[in-house]
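Everything on this sheet refers to the single structure shown next.
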Amino acid sequence: MNDIIAYFSTIPSSHRSLILVGGITIFWLLENAFPLFNFTYKKWQHAGINIFMTFTTIVVNFCLAFILLKTADWTIANNFGILQWLPEMSLWIYAFIGLLLLDLIGAYLVHLVEHKTKVLWRFHLIHHTDTWIDTTTANRHHPGESVIRFTFTALGVLIIGSPMWLVFLYQTLSVVATQFNHANISLPKKVDTILSYFIVSPDMHKVHHHYVLPYTDSNYGNIFSIWDRLFGTFMTLPKEEIIYGIDTYPDPEDHNELKSLLKIPFQKPPLKEIR
């Protein structure tokens, strides 16, 4: 565990970039070999939009990273936060609790709030407009949403009292997890079901991308599935019945053109939008 702490305490930006690119590449190859759905779309054009938004997410996080660093350092220096108030324990248990709590606030909670708050939903729905969910969809976030998610992550670091090495470990696992559960891959049903008791599996997350309520408002988790099961937001739907996208933006000129996607949060919502 000490080696893991040492590595993530000083993980180079190049290594984090390699993990991001390597994950997309691996899952891209897997979904070509074992696709869940056989999409008829221009995969590179679709990927271009999503990778652009991934890049904007990286820029936002890079520009604001000093806030995470200062927050983490402050919690340690002032013995503040849940982890700092716990009794002494194994580093493995300490890390696991920290990851669970960071996932709760930095992924599950912010995701839930984005779905329940009209202003925030206008930014988050860009992610849901994708009608061809694949591994590149993982970071299809409007720059405004990237700021929102960063804010919750920083809040989580403060409340939890997380050291920076744990934040870097969480972010690394989070990137790989979201690439995995968005990937257009077909796992044996039993394997996917077993995985869904512990982590967010591909079939579990695909339900969240079904185009209508109540399925859109379910399965908010990113790494761990415990929060959806604990808070009653876990739902299932046969993959044969899943239709991707969002019912308020069904047209390709809305969901498959970068300029249109960037404008959506600042436009008047369609009359049929019920949130």
Side-chain angles (χ1 to χ4, degrees), residues 1-2 4-11 13 15-16 19-20 23 57-58 60-62 64-87 89-115 120 124 127 138-139 141 145-182 195-196 198-201 204-205 208 219-231 233-234:
M1 188 65 196
N2 288 327
I4 294 176
I5 293 174
Y7 175 72
F8 282 100
S9 294
T10 58
I11 183 172
S13 297
H15 287 200
R16 301 182 72 192
I19 291 169
L20 173 65
T57 298
I58 292 172
V60 168
N61 288 338
F62 178 79
L64 300 177
F66 74 96
I67 297 176
L68 280 186
L69 180 60
K70 293 294 184 181
T71 303
D73 288 347
W74 184 88
T75 62
I76 302 302
N78 292 274
N79 196 38
F80 184 88
I82 296 172
L83 289 177
Q84 307 307 314
W85 302 329
L86 294 176
M89 65 185 73
S90 161
L91 282 174
W92 289 99
I93 298 176
Y94 175 91
F96 182 64
I97 293 174
L99 290 173
L100 277 172
L101 293 175
L102 283 170
D103 194 50
L104 171 62
I105 300 175
Y108 180 88
L109 179 60
V110 64
H111 202 172
L112 175 68
V113 171
E114 285 178 329
H115 275 252
L120 302 188
H124 178 59
H127 183 70
N139 293 110
H141 299 306
E145 182 183 5
S146 297
V147 174
I148 295 166
R149 285 180 171 263
F150 180 90
T151 301
F152 272 78
T153 299
L155 178 65
V157 170
L158 178 64
I159 294 172
I160 297 162
S162 173
M164 202 60 206
W165 67 264
L166 189 56
V167 177
F168 282 142
L169 174 60
Y170 166 71
Q171 290 181 329
T172 300
L173 294 175
S174 181
V175 164
V176 175
T178 194
Q179 290 172 347
F180 169 63
N181 57 47
H182 282 88
L195 285 176
S196 72
F198 306 98
I199 63 173
V200 178
S201 66
M204 174 182 169
H205 189 71
H208 179 74
N219 300 0
Y220 296 110
N222 184 33
I223 300 178
F224 302 106
S225 60
I226 183 176
W227 303 122
D228 282 298
R229 293 180 179 277
L230 184 63
F231 296 123
T233 52
F234 177 80

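Nothing here was measured: the structure is a model prediction, and the numbers come from that model. What's counted below: heavy atoms across the whole structure, side chains too, no hydrogens, waters or symmetry copies.
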- Task: Please report the C-alpha distance between Asn222 and Val200 in whole Å, then the side-chain angles of each, then the deciding distance to 0.1 Å, and finally whether the side chain to side chain contact (heavy atoms under 4.5 Å, CB included) criterion is met.
- Result: CA-CA 6 Å; Asn222 184 33; Val200 178; 5.6 Å; no
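- For Thr71, there are no side-chain hydrogen bond (donor to acceptor under 3.5 Å, both in side chains) partners, not counting sequence neighbours.
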For residues 74-82, tabulate all N or O donor-acceptor pairs below 3.5 Å that involve a side-chain atom, not counting sequence neighbours.
from	atom 1	to	atom 2	distance (Å)
Thr75	OG1	Ala72	O	2.7
Asn78	ND2	Trp74	O	2.9

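- Within the model, atoms CD of Gln171 and OG1 of Thr153 stand 6.5 Å from one another, a figure rounded to the nearest 0.5 Å.
- A search for side-chain hydrogen bond (donor to acceptor under 3.5 Å, both in side chains) contacts involving His124 returns His111, Glu114, His115, His128, Glu145, not counting sequence neighbours.
- For the pair Thr178 (side chain) and Ser174 (backbone), a donor-acceptor distance under 3.5 Å is absent.
- Listed by chain and residue number, Arg229 satisfy the side-chain hydrogen bond (donor to acceptor under 3.5 Å, both in side chains) test with Ser196 (two or more places apart in sequence, or in another chain).
- Scanning both residues, Leu83 and Pro163, for their nearest heavy atoms gives CD1-CD, 4.4 Å.
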- Query: Can Tyr7 and His15 be said to form a side chain to side chain contact (heavy atoms under 4.5 Å, CB included), step by step?
  - Reply: CA-CA 10 Å; Tyr7 175 72; His15 287 200; 2.8 Å; yes
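- Under a 3.5 Å cut-off, the side chain of Asn219 and the backbone N or O of His205 do not form any donor-acceptor pair.
- Rounded to the nearest 0.5 angstrom, Arg16 CZ and Phe62 CZ are separated by 10.5 Å.
- Residues forming a side-chain hydrogen bond (donor to acceptor under 3.5 Å, both in side chains) with Asn61 (at least two apart in sequence, or on another chain): none.
- Shortest non-hydrogen contact noted between Trp165 and Ala95 is CH2-CB, 4.0 Å.
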- Message: Go through it in stages, so that I can follow the logic: the residues are Ile223 and Val176, the test is side chain to side chain contact (heavy atoms under 4.5 Å, CB included), and I'd like the CA-CA distance, side-chain angles, deciding distance and then a yes or no.
- Response: CA-CA 9 Å; Ile223 300 178; Val176 175; over 6 Å; no
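- Of all heavy-atom pairs between Gln179 and Ile19, the closest is OE1-O, 4.4 Å.
- Distance check: Thr172 OG1 to Leu20 CG gives 10.0 Å after rounding to the nearest 0.5 Å.
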- Item | side chain to side chain contact (heavy atoms under 4.5 Å, CB included) between Val60 and His141, intermediate numbers included | CA-CA 11 Å; Val60 168; His141 299 306; over 6 Å; no
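- Here Leu99 pairs with Leu166, Leu169, Tyr170, Leu173, Phe224 under the side chain to side chain contact (heavy atoms under 4.5 Å, CB included) rule; sequence neighbours left out.
- The nearest pair of heavy atoms linking Ala6 to Thr10 is O-OG1, 3.3 Å.
- Here the straight-line distance linking atom CG of Leu102 with atom CD1 of Ile160 works out to 4.0 Å at 0.5 Å rounding.
- The distance between the ring centers of Tyr108 and Phe231 falls below 6.0 angstrom.
- In this structure, CZ in Phe152 is found 7.0 Å from CG in Leu120, a value given to the nearest 0.5 Å.
- Between Asp228 and Gly221, the shortest heavy-atom contact is OD2-N, 2.8 Å.
- Annotation: the span from Trp227 atom CH2 to Leu104 atom CG amounts to 4.5 Å, rounded to 0.5 Å.
- The closest side-chain heavy-atom distance from Leu69 to Asp73 is below 4.5 Å.
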